[in-house]
**Q** 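Pasting a structure below so you can have a look.
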Amino acid sequence: MKKLALAPAVAIAITGLAASPVIAAPEAPASADTQPASKPVALQKASNPTQPQADGEELVLSADTISLKDFADKGLGISGSGVSPDAQFQLTVKPTSGQNVNTYEAPFQSDGNGSYETGVGGTNDDTYVGKYDVTVTNLDDDSETFSASFEVTGDESDEPEAPEVDPKVSVKDDKLTESEFEKNGVTVSGEGFTPNGKVTVYGSAGISAFGDTEVTADDEGKIPATTVKYEGDDQLEPGEYGVYAVDEEEEATAETASFTITEDETEEPTTPAAEAKLTVSPETVSPADFVKKDKGVTLAVENCEPGEDVHYVVNPKGDSNVTAYDNTVKADDEGKADVNVYGTSASDPSAYIGDYEVTVTCGDDELTGEFSVSDDANAGGSDGNEDGNGDGGNGGDNGNGGGDLPRTGTELTGLVGGAGLLLIGGVAVALTMRRKKVAQDPAEI
């Protein structure tokens, strides 16, 4: 006969209440420790992980730490070089921080250069968070074994967050002259744009744009120095203008940066024009030297306009039988003009004794001077600027040397046409001049 074993509590109840039915005790709920363990998750081969550059290292990981999101989306890249070529290897990835993840093993083969690329990944499951050891072993030679480790973290992503788009622009020069702007435009730089995004930079003239150019921002959202020029037919008038830029991807506009176009400066002469000047040399000359063609008196003018007419007039002072001299020459390329005046009556030098007034007109300037012909002259006329003090602007001829003035001029009387010469003791007396560098006219000799 089969015996029924009852629990002590039940036996007492039966003893005390013989007529009561037998009731089994309810089962106690299973404790947490007795819950069945969750199924471990499995690692898997990464489909297209970012691969590190091995550069001669047998085992290199793409990261020492990788976020759970990136581990699931991209996986961890594993590569190496310098191992046995065309050899069979096994990759082993083993969890080491107690996470419920199965060890991953997968074979692969190195290429003919002794390099390889592979990878491991998972899913977006917190179970994968933890540390792992990675081992690569040559299946034909276990002495060729390489190890590394990595950690999967619960961070959202290892990718750096894109900077917030907040475009700003500035100009290199806030003041430009009209000619500077017309030639070079305005130079603009900026930051805070979408990295590697398209940016259009505009030049602003009030409510309208005077020009634009398109550039690409760099990895940090900066735009390089960019030139914007005026695209109209006429140049911009002096005044206030601006530049701004539009981030085409985010449709965000940078605030306008201002600049000013100023009038070109008028160049002022650094030094005032030199005044015309007359030099009379010598101021006293002996009669004997005055009647010599290669001496006489030199009248030198400078600082006239090049090519300008220079008008000379020489008049004797007081009562004199000497005819006045009147003639015009042109200033040379340096604004200089020289003439020599002398007496034509060499047989009666004393007839020229007296004082003479010199008047020279050079443009709007009237220059005056004087000289004397006197028996008392010391070494009269011997230092009378025998080099002519210029070429009078009338071409070039060779001199006689020895300090004498060259005899290249034409002897002319002071009266028009050479008529009406005054006579003294039957000798014609006239004041004449010798112009340097003028060919002699045989008809006037």
**Q** Taking atom types as modelled, find out whether D326 and H311 have a side-chain donor-acceptor pair closer than 3.5 angstrom.
**A** yes
**Q** Do T96 and D133 have side-chain atoms, one donor and one acceptor, less than 3.5 Å apart?
**A** no
**Q** If you take all heavy atoms of F193 and A245, which pair is closest and at what distance?
**A**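 The pair with the smallest heavy-atom distance is CZ-CB, 3.7 Å.
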**Q** Say you draw a straight line from CD of E308 to CG of D365; how long is it, rounded to the nearest 0.5 Å?
**A** 8.0 Å
**Q** Let's go through D141 and S143 carefully: what are the C-alpha distance in whole Å and the side-chain angles of both, what is the deciding distance for side-chain hydrogen bond (donor to acceptor under 3.5 Å, both in side chains) to 0.1 Å, and is it a yes or a no?
**A** CA-CA 5 Å; D141 182 5; S143 65; 2.4 Å; yes
**Q** Answer yes if the side chains of Q51 and E117 hold a donor-acceptor pair under 3.5 Å, and no otherwise.
**A**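 E117 and Q51 do not have a side-chain donor-acceptor pair below 3.5 Å.
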**Q** Can you label the angle between the F150 ring and the F71 ring as parallel, tilted or perpendicular, going by 30° and 60°?
**A** tilted
**Q** Applying side-chain contact (heavy atoms from CB on, under 4.5 Å), run through Y244 and T253 and close with a yes or a no.
**A** CA-CA 7 Å; Y244 64 94; T253 302; 3.8 Å; yes
**Q** Let's go through F181 and F210 carefully: what are the C-alpha distance in whole Å and the side-chain angles of both, what is the deciding distance for ring pair (Phe, Tyr, Trp, His ring centres under 6.0 Å) to 0.1 Å, and is it a yes or a no?
**A** CA-CA 12 Å; F181 178 76; F210 63 72; 5.7 Å; yes
**Q** Any luck finding a side-chain donor-acceptor pair between T127 and N100 under 3.5 Å?
**A** no
**Q** Side chains of T123 and D125: do they bring a donor and an acceptor to under 3.5 Å?
**A** no
**Q** Indicate the atoms forming the closest heavy-atom contact of A46 with G75, along with that distance.
**A**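 Result for this residue pair: CB-CA, 3.9 Å.
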**Q** Just by distance, no angles: are the side chains of N340 and T298 close enough, under 3.5 Å, to form a donor-acceptor pair?
**A** yes
**Q** Assess the residue pair V280 and V297 against the criterion (side-chain contact (heavy atoms from CB on, under 4.5 Å)); give the C-alpha distance rounded to whole Å, side-chain angles, the decisive distance to 0.1 Å, and a yes or no.
**A** CA-CA 7 Å; V280 179; V297 175; 3.7 Å; yes
**Q** What distance separates E237 CD from E263 CD, expressed to the nearest 0.5 Å?
**A**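 If I round to the nearest 0.5 Å, the distance is 9.0 Å.
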**Q** Are there over 12 heavy-atom neighbours, none belonging to D86, within less than 6.0 Å of that residue's CG?
**A**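 Enclosed.
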**Q** Identify whether the distance between the nearest side-chain nitrogen and carboxylate oxygen of K175 and D173 falls below 4.0 Å.
**A** no
**Q** Examine the side chains of N196 and D219 and answer whether a donor and an acceptor come within less than 3.5 Å of each other.
**A** yes
**Q** Determine whether the side chains of T216 and K198 contain a donor N or O and an acceptor N or O closer than 3.5 Å.
**A** yes
**Q** Minimum heavy-atom separation for Q99 and Y128, please, with both atom names.
**A**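 Q99 and Y128 have their closest heavy atoms at NE2-O, 4.5 Å.
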**Q** If I compare all heavy atoms of G185 with all of K229, which pair ends up nearest, and what's the gap?
**A** CA-CG, 3.8 Å
**Q** Is it true that the side chains of Q90 and T137 contain a donor and an acceptor less than 3.5 Å apart?
**A** no
**Q** I'd like to check T227 versus N184 (side-chain heavy atoms, cut-off strictly below 4.5 Å). Are they in contact?
**A**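 A side-chain contact is absent here, since even the closest heavy-atom pair is not under 4.5 Å.
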**Q** Got a second to check how far N48's CG is from K74's NZ, nearest 0.5 Å?
**A**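 Between N48 CG and K74 NZ, I get 10.0 Å after rounding to 0.5 Å.
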**Q** Do D332 and K336 meet the salt-bridge criterion of a basic N to acidic O distance under 4.0 Å?
**A** no
**Q** Indicate whether the side chain of E366 and that of T359 have a donor and an acceptor atom separated by less than 3.5 Å.
**A** no
**Q** Measuring from atom CG of D73 to atom CG of L68, what distance do you get when rounded to the nearest 0.5 angstrom?
**A**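 Taking CG in D73 and CG in L68, the distance rounds to 9.0 Å.
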**Q** Here's a test for you: under ring pair (Phe, Tyr, Trp, His ring centres under 6.0 Å), which of Y312, Y342, Y325, F371 qualifies with Y356?
**A**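 Looking at Y312, Y342, Y325, F371, the match for Y356 under the ring pair (Phe, Tyr, Trp, His ring centres under 6.0 Å) is F371.
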**Q** If we count only N and O atoms by modelled type, under 3.5 Å, do the side chains of S372 and E283 hold a donor and an acceptor together?
**A** no
**Q** Would a 4.5 Å heavy-atom cut-off, applied to side chains only, mark I78 and V134 as touching?
**A**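 A side-chain contact exists here, since the closest heavy-atom pair is under 4.5 Å.
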**Q** Supply the atom-to-atom distance E105 CD to T135 OG1, rounded to the nearest 0.5 angstrom.
**A**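 Going from the CD atom of E105 to the OG1 atom of T135 covers 9.5 Å.
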**Q** Nearest 0.5 Å, what's the CD-CD distance between E220 and E191?
**A**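 Reported value, rounded in 0.5 Å steps: 10.0 Å.
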**Q** Give the minimum heavy-atom separation between V228 and G203, together with the two atoms involved.
**A**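 Of all heavy-atom pairs spanning V228 and G203, the closest is CG1-N, 3.8 Å.
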**Q** Give a yes or no on this: more than 12 heavy atoms of other residues, nucleotides or ligands lie within 6.0 Å of atom CD of E231.
**A**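 More than 12 heavy atoms, drawn from other residues, nucleotides or ligands, come within 6.0 Å of this atom.
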**Q** Compute the ring centroids of Y116 and F108, then answer whether they are less than 6.0 Å apart.
**A** yes
